Protein chains: 2
Amino acid sequence: MRISQLSTESGVPIPTIKYYLREGLLPQGEQTSATRAEYGPAHLRRLRLIRALLEVGRVPVAAIRTVIEAVEDERTDVHTMLGTAHYALASRPEPHADDEEWTRAREAVDRLIADLGWRVSPLAPGRDELTQTLVTLARLGMPATDADLLVYARTAMSLAHDHEMAKIPFDGPRDVAVETLVICTVMYGKAFDVFRRLAQESESARILEA
Amino acid sequence: MRISQLSTESGVPIPTIKYYLREGLLPQGEQTSATRAEYGPAHLRRLRLIRALLEVGRVPVAAIRTVIEAVEDERTDVHTMLGTAHYALASRPEPHADDEEWTRAREAVDRLIADLGWRVSPLAPGRDELTQTLVTLARLGMPATDADLLVYARTAMSLAHDHEMAKIPFDGPRDVAVETLVICTVMYGKAFDVFRRLAQESESARILEA
DNA sequence: AAGGCTGGATAGTTGAACTATCCACTAGGA
DNA sequence: TCCTAGTGGATAGTTCAACTATCCAGCCTT
């Protein structure tokens, strides 16, 4: 398959495909001569993944590249690779290192994760993201209660356990595992977010018509 | 309070505050002379809300303005106002109007919402967002099953019903209701997203150590 | 042998969210 | 009273991300 066919099949314009090639999101095609390269179904598949992450997940190009680089480095084991993917999907807030309020919130987050018995790296960016969210809620005058957080955490775990990690083929090839993980995280994350807003609208209608 | 104090209290630089004033995100201060205006605690509060939506929620400035305009238009009733806020928080995908696959997915979405008994406007952008997500999942070779979607939908409803809409003071002033809704939607949405990723990491660790 | 693609390189565009500069003016202290 | 830092308002510039456009030499088909 040549680049123009890749373009028509995927709906992505040629200059954009070239851009993804430059950025290392898409592997080079197999060079057949100085001015010709051959692309396969793997390229088409990768291209669809890129567009899905960009359009539905709003994942930045740089993060996508990070994931792809982790997959292509054969030395990393599967768990580390999945970790890298997860960390790339996070939106790191600036650390606010020397802030009293921040430090206390961060300790609360660490305690919560420990209490839940979750096995999460102390370096996981999610800890910082959660800290930022809690600090922000407090500053807005609506601090989250421990009880609320526990409900959210357990709900998240039940979805992750029963419907997401269960889908991931850990015994298959490594690239398929990461790809599945990323798709699950991003797409079902989006789906859940939309469902939540729809549910809120429905509740609002019910309450305000009474 | 003058603009410089607003800046130091909120941590937002003066030129940025001026930008928010220009963009209509922040109401003008009370003019006390040709070159002086007075800002109150409401401005500080608003500024914190703006930063929360931008930094934690990644809500675009244009969407924030839409919400604010709806609140300030006294003619709209509360339900419409909350609707406007919700719709502003959505990320409208382009409609793909004349696409067979899209149309079928859209019908499935409409059927699902009807089956759930949810009261959602047929114009709600969430319907399009969900359609896009399902089409994308199918194109990636991992179509969502009805059973999975139902679980996500019911889980979302239970959080929305018990922990989000229950918090909203429908009987108070209208601006407080919208503000609370937006904060709940965005901040707890973020919190849930982070919990989900942390839960996935924890599950991954558990599975791969066995 | 000619016209259309191709890969590769380089430069330009768009949109969002700021950021910087300028200016006339004025409040508030020396 | 005068001076100066700060103010509001306007306008223009910056940065970053994600493209998009143009150019060019070379091949491949017809």
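Quick caveat: nothing in here was measured; it's all calculated off a predicted structure. What you see below is based on every heavy atom in this structure, not just the backbone, and it leaves out hydrogens, waters and symmetry mates.
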Subject >> Close side-chain approach of A:Tyr19 to A:Ile14, heavy-atom, < 4.5 Å >> reply: no
**OP:** Evaluate the criterion salt bridge (Lys or Arg N to Asp or Glu O under 4.0 Å) for residue pair A:Arg119 and B:Glu201; output intermediate values, then yes/no.
**Re:** CA-CA 7 Å; A:Arg119 294 202 193 178; B:Glu201 175 176 341; over 6 Å; no
Original post:
If each of B:Lys18 and A:Val61 is mapped to the nucleotide of DNA chain D with the nearest heavy atom, which maps nearer the 5' terminus, i.e. the 5' end?
Top reply: B:Lys18
Original post:
When you check the phosphate oxygens OP1 and OP2 of C:dA16, does a side-chain N or O of B:Arg65 lie under 4.0 Å from one of them?
Top reply: no
Original post:
What integer distance in Å separates B:Leu54:CG from C:dT19:P?
Top reply: 12 Å
Original post:
Picking from D:dC27, D:dG9, C:dA27, which would you name as closest to the side chain of B:Gln31?
Top reply: D:dG9
Subject >> Intermediate values then yes/no, side-chain contact (heavy atoms from CB on, under 4.5 Å), B:Leu53 and B:Leu49 >> reply: CA-CA 6 Å; B:Leu53 296 182; B:Leu49 176 63; 4.3 Å; yes
Original post:
From the list C:dT6, D:dG6, C:dT19, which nucleotide is the closest neighbour of the side chain of A:Ile14?
Top reply: C:dT6
Subject >> B:Leu21 CG to D:dT7 C1', straight-line distance once rounded to whole Å >> reply: 12 Å
Original post:
Please give, in whole Å, the distance from D:dA10 C1' to B:Glu23 CD?
Top reply: 14 Å
Subject >> Length of the line joining B:Leu26:CG and D:dG9:C1', which is rounded to integer Å >> reply: 15 Å
Original post:
Atom CD1 of A:Ile17 to atom C1' of C:dG8: distance rounded to whole Å?
Top reply: 15 Å
Original post:
Once you round it to whole Å, what is the distance between P of C:dG7 and CD of A:Glu38?
Top reply: 9 Å
Original post:
Only one of A:Arg197, A:Arg196, A:Gln200 clears side-chain hydrogen bond (donor to acceptor under 3.5 Å, both in side chains) with B:Thr185; which?
Top reply: A:Gln200
Original post:
Where the side chain of A:Pro15 is defined as all heavy atoms beyond and including C-beta, which of D:dT7, D:dT20, C:dG4 is the nearest nucleotide?
Top reply: D:dT20
Original post:
Are A:Asp128 and A:Arg92 ion-paired here, with the side-chain N under 4.0 Å from a carboxylate O?
Top reply: no
Original post:
Side-chain N or O of A:Tyr19 less than 4.0 angstrom from OP1 or OP2 on C:dA11?
Top reply: no
Subject >> Minimum-distance nucleotide (side-chain atoms of A:Ser4 versus D:dT20, C:dC5, C:dT26) >> reply: C:dC5
Original post:
Can you tell me if the side-chain N/O atoms of A:Arg51 get under 4.0 Å from OP1 or OP2 in D:dC19?
Top reply: yes
**OP:** Please determine if a side-chain N or O atom of A:Gln28 lies less than 4.0 Å away from the OP1 or OP2 oxygen of C:dG7.
**Re:** no
Original post:
From the list C:dC18, C:dC25, C:dA27, which nucleotide is the closest neighbour of the side chain of B:Tyr20?
Top reply: C:dC18
Original post:
In whole angstroms, how far is the P atom of C:dG28 from the CZ atom of B:Arg36?
Top reply: 7 Å
Original post:
With distance as the sole criterion, do the side chain of B:Arg22 and the base of C:dT19 form a donor-acceptor contact below 3.5 Å?
Top reply: yes
Subject >> Whole-Å distance separating the CG atom of A:Leu53 from the P atom of D:dC19 >> reply: 12 Å
**OP:** Tell me which nucleotide among C:dT19, D:dC28, C:dG8 gets nearest to the side chain of B:Thr16.
**Re:** C:dT19
**OP:** Determine, step by step, whether A:Tyr20 and A:Arg51 satisfy the side-chain contact (heavy atoms from CB on, under 4.5 Å) criterion, reporting the C-alpha distance in whole Å, the side-chain angles of both residues, the deciding distance to 0.1 Å, and the verdict.
**Re:** CA-CA 11 Å; A:Tyr20 294 155; A:Arg51 298 304 284 191; 2.7 Å; yes
Original post:
Are OP1 or OP2 of C:dA27 and a side-chain N or O of B:Ser33 less than 4.0 angstrom apart?
Top reply: yes
